[in-house]
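Structure record follows, encoded as structure tokens.
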Amino acid sequence: MFKKKVKKKPNAIDYILSCCNENAFRQTDDDDLEILVDIIRLIRPSNPNAVDVNLTDLIRFLQSNRDCTAQLAEYIKRVLHRMKFNKFLSDAAILQDVDFFFEIRKRLIAKMLPNQPQKDRLEYVLNQVFYKASDTVWINRIPVMQLEALYDVLQFDSIYSTVEKDSPLSELLIAMHLLTQRMSGRAMETDVVKMVPEFDDLESPFAAFEKELLLVEERIRNSGQHYIESDDLSYRHMQVLHKQCELFVAKAFSNSAKYGISLRVNQNLLKIRQQLERLRVLVPLLVAESPAARKRNSIDLALQLIKYNCYKNNVRKFISESTQLISYEVTQHTAKTGETYITEGRTEYWKMFKAALGGGFIVGLLCIIKVLLGKIDTSPFAHAILYSLNYAVGFILIYLLGFTLATKQPAMTASTLAKSIDEDIRKKHQKTGKYSEFAILFARVFRSQFIAFVGNVIMAFPVALIGVYLINLAFDYNIAAAKSYTLLTDISPVHSHAIFHAAIAGVFLFLSGIISGSIANRDRHGQIYYRIEEHPVLKKSFGKARTKKFAKLYEKKWAGIVSNFWFGVFMGTTGSIGFFLGLDLDVRHITFVSGNLALGLFGADWQITFWLLFWCLLGIGVVGLVNFVVSFSLSLGLAFRSRNISWLESRFVIASIWKHFKQKPLSFFFPTKKKEASVVASEYLKSH
């Protein structure tokens, strides 16, 4: 029997030794990175997150093989000699364009087909050697002492050895100046300055920082030591000015609640903040009072360069940072609107019921009108326009008359709930009973939506039924007869894709809430209300009082009107888009389903099977549940995202709700007789 010979797994030490024996290090060209790429590939762990990377064996090998170490060091220094990186250091992992979608597209393309700079740029070396996004993870797992030992054994020079052109220190200084000049100019743009009127009469901290940096650079370039000390006055002043710059950006972001914010301004501020963060890392590298500090700073600069290269095309982080503030401002508006959908006592509860009856009345009429519009002999595109107008006018009418459409509530109230969770977290209570106030608020939200649901459904059904009956009585024509079977089976979850279609409606409900918030935020940022109020032609034509009243009306109603218009367009065009694409796309909304059930029953002359009726009645509940769950989940997710709340908190939230439900189950459906709970929740809303 012969034992099978196991092939030894190659490692970095064997590879370096073979290169030394073959004199490969000295035979390569200055820009030949193949050997360095292979060394890193052999060191790179298969799972970068698994264990710490240990270079002890490699360091011992290099310490005991001086000739081989000298060849390797000479090769690495030759590869890195006079590599330029100032633009890379000032650009990598920082927004390059304030156009959100252009930046996403550029990063996605760069992930698939990375940008390759000229071979005299350090970025070229980093792209070839550390081309995996996870490289910075395992490199940071190498102990600092081992990195310092590797630095010593390869006899690298610190970045402070010279300040000549293309030297590391010179490139570092140039990069810092690029950053300060860019952020100084961007901070002075009109839309950005408008966000911080508190700084109007003050000197720009960005310009002052730039001046101080010039003084420090001059001293470094003209002195023999090429670094400054930690007690240097200019360095201390730079730190103070840097904090003032950060305060400028923080104030601009915080003022967004007052002045609104556009995506472009958000991106400008985000870019300034990223540049300030980059300078916060780079400025301390100018301080090096001891040989140990100079060595440590040189290693830190190398690690930062690798990190920036790995993260420069990160799409997830870019989207997360770019959308958080915008989503917060959007949900802030819906949170304020959502508070009107939350009832407290019996009076508000039954007031909500009456408003829901009004909404159901209009929806019942819309169901009849849609059936009549469907009889018009025209194209699917024309039908889409007609259906959209029907829905849009109806929804706007419901909104302006102060009526309620039950399934529009979740998209609004989710933001209010997330707002209360955020406040609970900041209180830092114990996890047991942490969300007791939130559970009371959720019970109020749930019963408010329950009564709105009941009011919509029980009114839409009789209105549609009476309407179709009166038309039949007046014109002897049953308008629903031809479509009765379709109207009924479309409600049934077993005869159609009603659940899927209800989920689509839930998405549209969520989007309508987003539109409402974004319109309100945009108008606030553009000072639309104030511009209308002070419009010279309007004041001359209608007078100051009427113009001011119109501006207030616009501020209060316009976002809701636009939101309801687009919700109507979404509802009216989905079926036609599905027909055009050959897909089974449609929408199912609980209130319309109730009205369609009445039309279907009348159209079939009440001659339907028991099981079809059963599935239709069940379908109403299923459609309503899916409408609610989808729109509420998406809205709550966005609200959590906007306030940077972890989904891990949902465990404690659910536990708190369940505990409250077991104690007072009826409070989730009807106002409680005891006032304590409702008073606590009421005070909570008023205080926040």
Side-chain angles (χ1 to χ4, degrees), residues 4-22 24-25 28 32-65 68-69 71-73 75-77 79-80 83 85 88-89 92-93 107 110-116 122-156 281 295-317 320:
K4 186 177 180 181
K5 188 176 181 180
V6 180
K7 188 176 181 181
K8 184 181 178 181
K9 185 179 179 180
N11 58 59
I13 295 175
D14 293 338
Y15 180 73
I16 292 172
L17 187 59
S18 66
C19 289
C20 290
N21 293 336
E22 297 170 8
F25 287 122
T28 57
D32 190 352
L33 300 174
E34 185 176 349
I35 294 178
L36 187 57
V37 170
D38 288 338
I39 292 173
I40 297 300
R41 176 178 56 81
L42 293 171
I43 296 175
R44 181 186 289 118
S46 56
N47 185 355
N49 296 300
V51 293
D52 290 342
V53 180
N54 194 329
L55 300 181
T56 302
D57 292 340
L58 176 60
I59 293 169
R60 286 175 180 170
F61 166 78
L62 294 174
Q63 289 172 339
S64 59
N65 292 268
C68 197
T69 303
Q71 290 187 47
L72 176 61
Y75 164 71
I76 295 175
K77 291 175 183 178
V79 167
L80 299 178
M83 283 286 180
F85 60 86
F88 171 74
L89 192 56
R107 292 192 180 206
K111 271 184 173 292
M112 295 181 289
L113 190 64
N115 294 320
Q116 296 299 340
L122 184 62
E123 185 181 1
Y124 173 78
V125 177
L126 294 172
N127 281 354
Q128 299 298 316
V129 179
F130 300 103
Y131 54 87
K132 289 193 173 184
S134 60
D135 278 338
T136 188
V137 177
W138 65 265
I139 288 174
N140 284 328
R141 289 180 176 272
I142 302 174
V144 176
M145 291 181 63
Q146 293 186 18
L147 291 174
E148 291 180 350
L150 194 62
Y151 177 95
D152 289 334
V153 75
L154 292 175
Q155 297 181 345
F156 286 131
V281 174
K295 180 201 301 185
R296 187 170 57 252
N297 287 354
S298 299
I299 294 173
D300 286 345
L301 178 59
L303 293 176
Q304 291 296 333
L305 288 166
I306 295 172
K307 175 185 174 182
Y308 297 147
N309 188 67
C310 291
Y311 290 157
K312 64 184 178 183
N313 295 320
N314 191 306
V315 176
R316 182 182 299 178
K317 184 180 179 183
S320 175

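Just so you know, residue 1 is the first one in the sequence shown, and it goes up from there.
Counting only heavy atoms from C-beta outward, the side chains of Asp152 and Lys295 approach each other to under 4.5 Å. Side-chain atoms of Ile139 and Phe130, non-hydrogen and from C-beta on, do get closer than 4.5 Å to each other.
The minimum heavy-atom distance linking Asp32 with Tyr75 is given by the pair O-OH, 2.9 Å. Between Ile16 and Phe25, the shortest heavy-atom contact is O-CE1, 3.9 Å. Minimum heavy-atom separation, Val125 to Leu80: CG1-CD2, 4.2 Å. Of all heavy-atom pairs between Lys312 and Phe88, the closest is CD-CE1, 4.4 Å.
Remark: Asn313 pairs with no residue by the side-chain hydrogen bond (donor to acceptor under 3.5 Å, both in side chains) rule, at least two apart or across chains. For the side chain to side chain contact (heavy atoms under 4.5 Å, CB included) test, residues two or more places apart in sequence or in another chain that qualify with Leu42 are Pro10, Ala12, Tyr15. With sequence neighbours excluded, the residues forming a side chain to side chain contact (heavy atoms under 4.5 Å, CB included) with Leu17 are Asn21, Phe61, listed by chain and number. Evaluation of the disulfide bond (SG atoms under 2.5 Å apart) rule for Cys19 yields no partner, not counting sequence neighbours. For Gln155, there are no side-chain hydrogen bond (donor to acceptor under 3.5 Å, both in side chains) partners two or more places apart in sequence or in a different chain. Arg44 pairs by the side-chain hydrogen bond (donor to acceptor under 3.5 Å, both in side chains) definition with Asp135, not counting sequence neighbours. When the salt bridge (charged side-chain N to carboxylate O under 4.0 Å, His left out) test is applied to Arg107, the partners found at least two apart in sequence or on another chain are Glu103. Listed by chain and residue number, nothing satisfies the ring-ring contact (aromatic ring centres under 6.0 Å, His included) test with Tyr124 (two or more places apart in sequence, or in another chain). With sequence neighbours excluded, the residues that form a salt bridge (charged side-chain N to carboxylate O under 4.0 Å, His left out) with Asp38 are Arg41. For Asn54, the side-chain hydrogen bond (donor to acceptor under 3.5 Å, both in side chains) partners are Thr56, Gln146, not counting sequence neighbours. Legend: residues meeting side chain to side chain contact (heavy atoms under 4.5 Å, CB included) with Thr136, ordered by chain and number and at least two apart, are Asn140, Lys307, Cys310, Tyr311.
Atoms CD1 and CE, on Ile59 and Met145 in that order, are 9.5 Å from each other to the nearest 0.5 Å. Rounded to the nearest 0.5 angstrom, Leu150 CG and Ile142 CD1 are separated by 8.0 Å. Rounding to the nearest 0.5 angstrom, the gap separating the CG atom in Asp57 from the CG atom in Leu62 is 11.0 Å. Between the CG atom of Leu72 and the CG atom of Leu58 there is a distance of 8.0 Å, given to the nearest 0.5 Å. Within the model, atoms CG of Leu154 and NZ of Lys77 stand 7.5 Å from one another, a figure rounded to the nearest 0.5 Å.
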Using atom types as modelled, flag every donor-acceptor pair under 3.5 Å from a side chain in residues 298-306 to any protein atom, sequence neighbours excluded.
residue : atom : partner : partner atom : Å
Ser298  : OG   : Ile159  : N            : 3.1
Ser298  : OG   : Arg294  : O            : 2.8
Gln304  : OE1  : Tyr308  : OH           : 3.1

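In this structure, Asn127 contributes its side chain and Asn115 its backbone to a donor-acceptor pair below 3.5 Å.
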